[in-house]
Structure formats: C-alpha cells, structure tokens
Amino acid sequence: MNDFKNHNRTQVSLRVMQLMFATVCLIVLGRVFYLQVIEYEKYSMQGERNSIRQEIIPSARGLIYDRKGELLVSNEPIFTLTVNPATYDTTNNQLLSELLDIDISQVRDQINIAQRYSWYRSSPLLSDIDFTQFSIIQQNLWQLPGIGHQLKSKRTYSDKINASHIFGYLREADAKDFETNTSLFLGDKIGKSGLELIYEDSLRGESGIEFKRVNAYGQALGSFVVENEGTNPIEGANIITTIDADLQAFAEDLMIDKTGAIIVMDPNTGAILAMVSSPNYQVDRLAGRLDRAYWAQINSDSTRPLFNRAVSSRQPPGSTFKPLMGLIGLEEGLITSTTNIPNTGGYQRGRLYRDIAPKGDYDLEKAITYSSNTYFYKLMDDFASSGRLNIWSERVKDFGLGVDLEIDLPSATTGIIPDSAFLNRWFGVNKWGLGDLINLGIGQGVMSVSPLQIATMTSAISNGGYKITPYLVEQLETPYLTIFPNKKDPLKIEWVQKEHLDLVKNGMRGVVQRGNGRFYVKNDFLAIAGKTGTAQNPHGYSHGWFTSFAPFDYPEIVVTVFLENAGFASISAAPIARLLHEYYLRGTYSNNIYNYVKNWEPRDDNANQTAE
C-alpha cells in the first residue's frame, strides 16, 4: 500500500516537473519569437550597435602659402598605430615592443595614457610608423587584439626656405590643452609656436566621426553606416602669408653661421616680406613622431635656436635711435634745423660723455649722418632738465618702441622705453637722476627694443609719419569665404611734421652717401637711406645694427639687420641690408658684396673707436 502511494507521488512530481519545463520552454520560445520576428528591426539594430566602434577622423590641417601662392607647408599621410584598452591584453606589451623595435617602457607609457584617457575609445599608440613596421603589425594582428591603425598626417615643408620661427611647430595636445579645448582628442597635434600657434583654431579644422564594425578582438572589419550619425571632417583654413619665399631664402642664406635677425617690411602696409632669426632649427624634425634626441639638443643649445630674435630679442637700439631722437627734439622746440652743437671730443655734464665722431660743429642732419653723440647727449639733457621725460617717452612709443606691436606671432617683446614711473620702479623712488638719462639720447642705458620694433620705427619715418601694424598673414581661405585678419589702416602720428621728417631722412641718406654706410651700401643705381648703430655688449664684441629704407623718394621696403657680437655695423650688418634691397627692388645683387658677406668674420670691436 505504501509502495503504491509512493509510486503515485513520484508520478505526480514528474508530471509537475514536465509541465514546468514545458512552460519554461514555451516562454523562452515565445520570447525568442518576439525578439527575432516581432521586434526584429529594433533589436537587430541594437545588436549591430554592440559590434561597432566610434572612430575619430582627423581633419586636414590648413596649408600655408607665400604671398605669390607658392606652397610652403603641406600635409603628408602617415600611419598611426592605435590601441583600444578595453580589448587589448597588456601581456602583449613585450611582443609589441619587439615587433616595433622600441623600448617596452614606451609601450607601457602609451598604454597607460590611453587607459587614463578612455577605456573604450581607440587612442594613438605610436605615430608616423614606416610601411615596414605597419606591414609587420598587420601580419601579427591575429595575436594583438585591440591594436589597430589610423591614417593621419604630418607637416611637410618646402625645401626652399626654413622659416622655422615663422611657421612654428606642432606638438601633441597635453592635459592642459584638453582642459581648455573640449574639441581635442588624445594624439591631436596643435600649434605650439609661430603661425601654427596663433592661427591654430583656423588651421586645425574640425574632426569627423566614423562608425566601424569590429570583431570579438576589437579589430575593424569595415565601415558601418548609421543613419543620422557620424560626421565628415571639415578641413582647416589655408593661410596666405605676406612672405616672399625667394627673398626669405636669400635672407636666410646671408645669415648662415651668423647670430642675429633680419626684418624686411613693406613700410606702407606693415606686411613682413622676410623674417630671419639665426640660428634657426630644423622644423621638419619636429613633424610627425617627435625626435626626442633632437628636441633635447635644441633646448639645451647655448645659441638658443628656438628663440625668435627677430621679435623677442631686447637690445639697446644704439645710434639707430638718433633719427627719432632728433624728430622729437624738433617737435618739442628744443632744436631747429639750424641748431649747432659743437663736439670737442665729448659732452661734459658732471663727467665726460665721450664722442668719437670727428670734432666740429653739428646741426641735426650732420649729427645723424656722422653719428655725433654730443648732439644727442645735449638734446637728452635738455629733455630731462626741462622735466619732459614723460613727453619724450610718449613720443617714442608713438613710433612703436616700448609697446606691443600686435604682430601675429607669439612672444614678441614690448621692450623698455622708460618714463618716470618706470625709473621709480627700476631704481627706487627719486633715486635716479640726470646721469641715468643722458645715455638714452644715443639709444643706450635703460632702454631696449627688438629688431621688429626698429623696423617699425624706420617704416614710420620713411612713410611720412604713419604708424603701421606689422603682420605675417594676408588672408585665410576656406571653401566658403576669405578672411583678411590683419587689415588695419596706417595710423597718422599727428604731431609729426613733414619738414621735420625730411630733415631726418636727409640725415639718414647722408649716412649712406658720406657717413660710415658709404663703405658697403653706397651705389650708383639704388638710393638707400639708413642708420648704423651699436648695442653695447659686456660679454664680447658689441652688437651691430643697420636699419634702412629704399628707394629714398618713394620707399617700398624697410630692411633692418641686427648681428650679435659683430663689432662694426658698417662692415657687418650694413652689407647684408644692401644685398636685400638690391635683390628685392632689382631682382639681382652685387656678387662682390655677396662674396664679402658670405666670408665675413668679426675682426674688431667698434665700441670705442668709430662713431656708428
């Protein structure tokens, strides 16, 4: 009897289990039917989404041209290896380093950076790999899940010119860049100096988004079209510069093995036709994957090749300042065209301020031509003694010295043009006196300028008293519009009088015809006006200046040359300026002067010998 009851109980349990199993199967089959048939379109799309990956498509960086349309900076396609941290196995680090022939620590560092940036997004691992490396990785992808590649680009440069301080270089964006610009992605290169920095937003363009189908290893199988998602990249704007590539190449050639700067400018517009800072650096070695050894080398180089002397160097202007000094003196009524000041070998004011110009009487034109210190010592003494230091300072700044010139390059110095407030900060309140001011009259003492500022000053003298804004970019071009970012009308300096300018310009013409500029600048075919100058240097030979404009009656260019440790400016900086005037205005140059410049070496210092 008990056995029968137990048998019935077992049968019931089996039936219940069978019923439950059948119910579960029906539920599962029903759900499968619902998902696969009724909701197929909806969940098919979701399934597809689970096997695709979002990729960033870099935009093409804008190109850079010279003023005549010659291509100077373009882009070259490169392979960049990528890693997706979510699917990459870090035990493959050793294999990856061996295949790429790089140190394993570099692999680890880049993997860590990618993991911190995004666990699921592909990030750059190694940029600018050659085709051999790329092929090796492709052959071994089966054992490197999470590794992929992306086609990017690097800057490539014209062989004609270097212009490293004009173009600038690119570097990968860092954490600070990501904080200030949310449109950047890991591995993006951005401008860090030069035009690449100033016009970064215009040159970079906008990245696009692409969806790719991936396998279980995270490896791309092809593109995947998602309706209403994904965007095409927008290429960056092209830049048309003011640079004349032929003139730039010639100027760079003249500065080989020299230290200093050249500015060639249109005095009527402010357009920079050529700009050289020497020594320079090989900007192409900073394109693509960073050449770490070269980067360390140029950063530790005592000649500072990364330093843009053309806009950032701060030096006393020396006698190049005398024409402006005379112009301000005329305006303030402290001198006239006929004011004569005798030079007996120096200017006595508490002590003797030496003058090595020929002894005799000097009016302003003659004082500029023969660079008499006595004339300008006396003039500065009159400014200081009459309490007009601040007026003097304001007038000087009207010509672009001691102020921001707003050029489209980074790190341009404002220099120093002192007023009473500055001197109180520099020396202490009321702890400065006449002895601290007299040297300002000859461009020495507590004042400093850049070559660009001297070129700007010379432009305002030559163009009839108009202050211009120097610039390097003429226009930005996109497929949709053209932008002129630097169109600023010259600003008339109201207090400047034509007869005063003519007097000063005649003095500068005399420098070339009768003064120390006659040795290498005087010629029978091109009327050049200029002024030499010496910047005292406590660490060696004095620095040499020559600033000039031509043609004399209707100036088309200003050329300013600054050479460090050059000694005599009349035989170092001045011949370079002459060649540049000839090359630009006549399309040729004097071979004997060119050979002299190419073989020139500083022979002697001029600080205490010849008036310049």
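Numbering starts at 1 and runs along the sequence shown. Computed over heavy atoms, backbone and side chain alike; hydrogens, waters and symmetry mates excluded.
- Between Lys192 and Glu196, no side-chain nitrogen of the basic residue sits less than 4.0 Å from a carboxylate oxygen of the acidic one, so the salt-bridge criterion is not met.
- Residues passing the salt bridge (charged side-chain N to carboxylate O under 4.0 Å, His left out) test with Arg388, sequence neighbours excluded: Glu332.
- Side chains of Ser164 and Asn280: a donor-acceptor N/O pair is absent below 3.5 angstrom, by distance only.
- Remark: Tyr362 pairs with no residue by the ring pair (Phe, Tyr, Trp, His ring centres under 6.0 Å) rule, at least two apart or across chains.
- Considering Thr469, Asn486, Thr241 in turn, Asn486 is the only one that fulfils the side chain to side chain donor-acceptor pair (under 3.5 Å) rule with Asp408.
- Taking the ring pair (Phe, Tyr, Trp, His ring centres under 6.0 Å) definition, one finds that Tyr157 meets it with nothing, sequence neighbours left out.
- The side-chain hydrogen bond (donor to acceptor under 3.5 Å, both in side chains) test applied to Trp432 returns Asn424, not counting sequence neighbours.
- Partners of Ser459 by side-chain hydrogen bond (donor to acceptor under 3.5 Å, both in side chains), not counting sequence neighbours: none found.
- Using the six-membered ring where Trp is involved, Tyr353 and Tyr347 have ring planes that are tilted, between 30° and 60° apart.
- Residue Tyr466 places its OH atom among 12 or fewer non-hydrogen atoms of other residues, nucleotides or ligands, all under 6.0 Å distant.
- In this view, Asp398 and Trp495 satisfy the side-chain hydrogen bond (donor to acceptor under 3.5 Å, both in side chains) rule, not counting sequence neighbours.
- Side-chain contact annotation: Asn390 with Ser420, donor-acceptor N/O pair under 3.5 Å present.
- The pair Lys598-Asp253 counts as a salt bridge, with a side-chain nitrogen and a carboxylate oxygen less than 4.0 angstrom apart.
- Residues meeting the salt bridge (charged side-chain N to carboxylate O under 4.0 Å, His left out) test with Asp419, sequence neighbours left out: none.
- Evaluation of the salt bridge (charged side-chain N to carboxylate O under 4.0 Å, His left out) rule for Lys378 yields Asp382 as partners, not counting sequence neighbours.
- Aromatic ring orientation, Trp545 versus Phe562: tilted (interplanar angle from 30° to 60°).
- Arg171 forms a cation-pi arrangement with Trp295, by the criterion of a distance under 6.0 Å to the ring centre and an angle within 45° of the ring axis.
- Residues Arg349 and Asp381 are paired through a salt bridge, judged by an N-O separation under 4.0 Å between the basic side chain and the carboxylate.
- Within the 3.5 Å criterion, the main-chain N or O of Asn162 finds a donor-acceptor partner in the side chain of Glu252.
- Aromatic ring centres of Phe250 and Tyr589: separated by under 6.0 Å.
- Remark: the Thr547 side chain and the Thr458 side chain contain an N/O donor-acceptor pair separated by less than 3.5 Å.
- For His581, the ring pair (Phe, Tyr, Trp, His ring centres under 6.0 Å) criterion is met by no residue, not counting sequence neighbours.
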Verdict with reasoning, Glu406 to Lys488, per salt bridge (Lys or Arg N to Asp or Glu O under 4.0 Å): CA-CA 11 Å; Glu406 299 180 0; Lys488 295 182 180 178; 2.8 Å; yes
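- Checked against side-chain contact (heavy atoms from CB on, under 4.5 Å), Ser411 has the following partners two or more places apart in sequence or in another chain: Ser312.
- With sequence neighbours excluded, no residue forms a ring pair (Phe, Tyr, Trp, His ring centres under 6.0 Å) with Phe546.
- Checking Thr374 against Asp355 by side-chain atom types alone, a donor-acceptor pair falls below 3.5 Å.
- By the side-chain contact (heavy atoms from CB on, under 4.5 Å) test, Ile240 is found to be paired with Tyr65, Gln475, Glu477, residues two or more places apart in sequence or in another chain being considered.
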